[in-house]
Each structure stands twice: as structure tokens, then as C-alpha cells.
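Notes follow once the structure below has been shown.
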Amino acid sequence: MPLVPPPRPVASPAADIPPTSVLTANQPEWSVGELAGALKRTLEDAFGHVRLRGEISGYRGQHGSGHAYFSLKDGQARIDAVVWKGVFGRLRQKPQEGLEVVATGRITTFAGKSSYQIVVESLEPAGLGAWMALLEERKKQLAAEGLFAPEHKRAIPYLPRVVGVVTSPTGAVIRDILHRLEDRFPRPVLVWPVRVQGDGAAEEVAAAIRGFNALGPNSAIPRPDVLIVARGGGSIEDLWAFNEECVVRAAFESGIPLISAVGHETDTTLIDYVSDRRAPTPTGAAEMAVPVRADLVATVADLSARAVGSIGRRVERDRSDLRALARALPSADALLAAKRQRLDLAEARLAPALAAGASRHRARLQLLLDRMARRSPDVALANARARLARIDHRPLTALRNDVQRKGEALSQLGRRLVVARDASLERARALQARRADRLVALSNRLTQAGLRGVERRRDRLEGLAHLLGSLSYRAVLERGYVLVRDAAGLPVRHAAKAVTASRLSLQFADGTVNAVPDGTSDPSVSTKPARRTARSQQTSDGASGKRNAPNATAPTRQGSLFDA
């Protein structure tokens, strides 16, 4: 019911105007519950049943009670929505984040939050929302460029020296990350404070990623070995900054391995596809960044103990093997006795062998001296000089004659090539002239054939046009006939069928007229189709005078179009 306050008492014109305090005191007093109830009844009476179209936002599944809560939004506004547990099971279309739907329900208020909402009774899909459509289009574009390819993923350092975090400095996310790092393995943490939603958030996140990568190895601020980009959960518009192209490209260009921890486990943004690792929560990102120190110390201690024990066992085993080999080896005298005997025998044979070798080399040297005396080098040199003197200038003359002969042969070959070239050019010109003449003849023939073909087709088209005009039923209609069709558009050829038809369509030469038969037929008129020519019909019309006059007693009948 409308919210109307009780009527105020009307003062007489002669009475004095009361002060503001008196007017305020006369107004009725409402309790908060009464006002909330009146507002609720007014809103439910005015909007008892509505159909609302919008995009689902903030849906996180059913609540523990079985109810479902989300929002419906468009470009101008948003409204809270609730689906009760009993209605949720009967919905054919379950709510989905980003889905554009048409919701049917009633508008009511929730006094606990002083807000209004729609109680959904049915949902119908209306297509993907604008946010999801834009997200899918941008995802396909970046994937086509190769930004999400697995070969670009890098391994996260096992134990980073410095951890960089890009997030809001005031939220619970940074505290969760710091606490988890402190519990697992304390490491220096550099926090780059940014806004994680709203205008300018995407540019700040991209600038933070590029800023960490711009740090050099010798800068005052140490360069992180791993980056964590984190944010808490939210709706798709809350997380939209991490779907912006500038953030995705900054993450792809990052030289530092990057872990994305945006939203809850069910939330997915484009930075998750381009990052080297995706964490379901910010706490999970901290667990991926560093190992557990206690486990690492225990593992190192265990490995150290195993190494010491292994080395001790190896030394003991090698000592035992050495003792066994030492016992198996023979003594030094037994090993050197045979060698000493072989050395004594070789020493005894050495002096005679040296004397015999010297004698052989002395005899060979004497033989070489005798051969040199018989064939002195001076004599061979004198013979060579005599042969050179006899040859004198013969090689130069032979070379000059050979060059002259080859020059003459080359000149003769050049003259032959010139003659052959002229003959080839002449043949080519003659062949080109013949081909040009043939091409001109073929072009003329083609032109004449095309003109003859066009003329034949024009004559045939004119003949078909005349034939169509003579065979068309419209020419018959021009002579005064009528084409009768039933309600289905089929021709009616018999009067009996026309009488039983529910509706008739009469097509004249200049238009169509609809008619409804009265169900009776004149027995004096024969139902047999009459064959009349146009000339006899004109004669009949001339003899009877006014055939279609109102006082005519004899009914006239139109001949059948299909019997004409």
C-alpha cells in the first residue's frame, strides 16, 4: 500500500502561524521496523511481478543454506538477486558468472541492509554478457599472438634470495603472503604498492612489473628472483584490471619468473594464462615461491649423514680390498728374478751385436763412396748445363707460335658465331611475324563468331518472348476471362467444387477480387463448360445490350479459362 502519513489538522485562517517546533511535533512518529515494512509493502505492490534482463555478476555458487546470491547489472545500474533453495532446484538454467539472463520474479526489500532486491523465480539465458564477450575476444587475440604458449613458461627458482610482491599494501593479501613466507622460509620481500581495482589499476600493475624488471644487479634496491602478482577475490568487474592488455603484455615481457595469485581458485583472469605459474590463492603463491626451511634443513642433515656413512663404508671396503690384493701379490724378488735374468742375457749379446752392426754400416758407406766416385756431381752438373745451352730460346718460340694459332682459331670462331647469331635472329623474326598474323586471324574469327552467337541468342530470345506472350494466361484474361482459385490458391475448374469452397479468389486482367460462394447454384445454367470464342461473346453482348445491367433476368456465365 502507498506510504501516506496521517492527515494533519487544518488551522483556521485567522489563527497565528505556529512555529517550526510545533509543526515537527505534530508529525507522526515511525519506528524503523514500521517504516521498513511500509516501504516493503509499497514496493511489492507496485512491482509484484517483473521480468528483468541483465548480466549475472558476483555469483559464487550456492550458499551453505542452499540459497544463491548474486547481482544483475547492465551498463547503467545493478540490483541484488536471490534464489531460494526450493526454487534453485527447479531452475532449468542455473546461474553462471557473466551469463546474460532474463530473470522473472518479484521486487522486495531487505530490511537488514536497507536495500532492495529481486527474488528470482525463473531464469532464461539471453546470451553472454558484455564483460565475458570482451574477455573471450581478448583471450583469443592474445592466444593467437602466442602469449599463452607453454614454451614461454619458465621455472620458478627453488630458493629465491629476494621475493617481489605486486599488490595493495593495505589488504589482507600482503599479510597472508608475509605470514606464509615467514612460516616456510623467511626471505627479503619487496612490496610494490598498487591499486588492484578501479580506474588506473591496470596501468599501475603493469608499471610495477616493468619497474621490478628495470632493477639492475648493481642497483641500490636488489632485483627480485621471483614476482608474485596477488589480489583477493571479487566479481569479474573487480578483477578486470588483471584482464587488461597492458598487464598481460607486461607479464609476458617480464624477465623475472612470475606467479599470479588473483582471486580465489574459481576466478580466472588473463594474467593467469601468461604467468609462469598460477596459484589458487595468495597463500598458495607464497608456498610456491619458497620451500619449507625446516624440511630443507632436515633433508640436508639426512643427506649429510647419508654421505658421511657412505664415504666411511666405501673407505672401509677399499681398505679390505687393498689388504686382500696385497696378500695375493707375489714378493718383489719373485717378480724381478726373471727380469734380471733377461737383462744379463741381453748384456752378454750387446757387445758382439754392436761390432757386427758397425761392420755392416762401414761396408755400406764404402759402397756409397765408390758409386759417388764413378758418378761425380760435377759431371752431372756439366751435362745439365750443356743441355740447357742447346735448348736456348726454343720454349719461348713454341709458346709464341701456340698463342698465334689459338688467336687465329678464336677469330674464326667469332666470325662463325656472328653468322649464326644473325641467322637465328632472322628465323626468330620470321616466326614472330607468322605468329602475329595467326593471332590477328584468330582474333578476327573470334570476333565474328561472338557476333554471330550474340545474334543467334537474340533471335532465340525474341522468339521465346513472343511464344511466352502467346501462351501466357494473362492474354486470356485480357479477353474477358477470369481465373478462379480456392483458399489454397489452386485453380477451380468445376462449378460443383466452387459451390463447396469456403472462399474464392477471382483474378481479372487488372486485379484480384475475393468472393464467398453462397452454397447454391442455378439449375437452369448447365455445369458443362461452354466453349465460346471472343468474337461470339462480343456478338452476344451486342445482341443483349446491357449484359451486366441490374434488371437482367438471365444470368450470364463466364467460360472456363482452361478450356479456352
Side-chain angles (χ1 to χ4, degrees), residues 1-13 15-126 129-131 172 197-198 232-238 264 266:
M1 59 178 296
L3 182 60
V4 179
R8 299 179 180 177
V10 180
S12 62
D16 296 335
I17 299 176
T20 305
S21 60
V22 176
L23 293 176
T24 305
N26 291 334
Q27 291 180 348
E29 294 181 356
W30 295 79
S31 65
V32 176
E34 291 174 350
L35 181 58
L39 291 172
K40 180 176 182 179
R41 289 191 298 271
T42 301
L43 194 60
E44 290 179 350
D45 290 342
F47 303 94
H49 187 80
V50 296
R51 284 173 58 84
L52 191 61
R53 178 168 182 159
E55 180 181 344
I56 294 179
S57 175
Y59 178 69
R60 295 293 180 269
Q62 286 183 274
H63 194 264
S65 61
H67 310 316
Y69 301 95
F70 52 91
S71 298
L72 293 174
K73 65 180 182 66
D74 57 12
Q76 288 79 29
R78 63 184 296 162
I79 182 174
D80 294 336
V82 58
V83 182
W84 302 128
K85 177 180 180 181
V87 178
F88 190 90
R90 299 194 302 268
L91 291 179
R92 291 186 299 176
Q93 174 63 49
K94 304 300 181 183
Q96 297 179 14
E97 179 68 17
L99 185 67
E100 188 174 1
V101 297
V102 176
T104 303
R106 55 187 177 85
I107 303 297
T108 185
T109 62
F110 179 57
K113 293 175 58 178
S114 296
S115 63
Y116 65 97
Q117 61 188 9
I118 178 173
V119 179
V120 178
E121 298 174 357
S122 66
L123 279 179
E124 299 173 6
W131 291 96
Q197 72 180 61
S235 62
I236 185 173
E237 54 268 24
D238 295 337
H264 299 298
T266 57

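These values consider heavy atoms only, across backbone and side chains, with no hydrogens, waters or symmetry-generated copies.
Residues satisfying the ring pair (Phe, Tyr, Trp, His ring centres under 6.0 Å) test with His63, not counting sequence neighbours, are none. With sequence neighbours left out, Asp74 forms a side-chain hydrogen bond (donor to acceptor under 3.5 Å, both in side chains) with no residue at all.
The CZ atom of Arg106 lies 10.5 Å from the CG atom of Leu43; values are rounded to the nearest 0.5 Å. The line from CG of Leu39 to CH2 of Trp30 is 8.5 Å long, rounded to the nearest 0.5 Å. Interatomic distance, Arg90 CZ to Lys85 NZ, rounded to the nearest 0.5 Å: 13.0 Å. Once rounded to the nearest 0.5 Å, the distance linking CD1 of Ile118 with CZ of Arg51 reads 10.5 Å. Distance check: Arg53 CZ to Glu100 CD gives 4.5 Å after rounding to the nearest 0.5 Å.
For Lys94, the NZ atom counts as densely surrounded, since its 6.0 Å shell holds more than 12 non-hydrogen atoms of other residues, nucleotides or ligands. Atom OH of Tyr69 sits in a crowded spot, with more than 12 heavy atoms from other residues, nucleotides or ligands closer than 6.0 Å.
Residues Ile107 and Ile79 form a side-chain contact, since some pair of their non-hydrogen atoms from C-beta on lies under 4.5 Å apart. Residues Ile56 and Leu72 are in side-chain contact: their nearest non-hydrogen atoms beyond the backbone lie under 4.5 Å apart. Proximity of Thr104 to His49: side-chain heavy atoms (C-beta onward) are separated by under 4.5 Å at one or more points.
The two atoms that bring Tyr59 and Ala68 nearest to each other are CE1-CB, 4.0 Å, heavy atoms only. The two residues Asp80 and Ser115 come nearest to each other via the heavy atoms OD2-OG, 4.4 Å. The two residues Leu91 and Glu121 make their nearest non-hydrogen contact at CD2-O, 3.8 Å. Contact detail for Lys73 and Ser57: the closest heavy-atom pair is CE-CB, 3.7 Å. When all heavy atoms of Ala36 and Thr109 are compared, the closest pair comes out as O-OG1, 4.4 Å.
Residue pairs meeting the ring pair (Phe, Tyr, Trp, His ring centres under 6.0 Å) criterion with at least one partner in residues 81-109, sequence neighbours excluded, are His67-Trp84.
Of the possible polar contacts, one joining the Glu97 side chain to the Gly58 backbone as a donor-acceptor pair under 3.5 Å is found.
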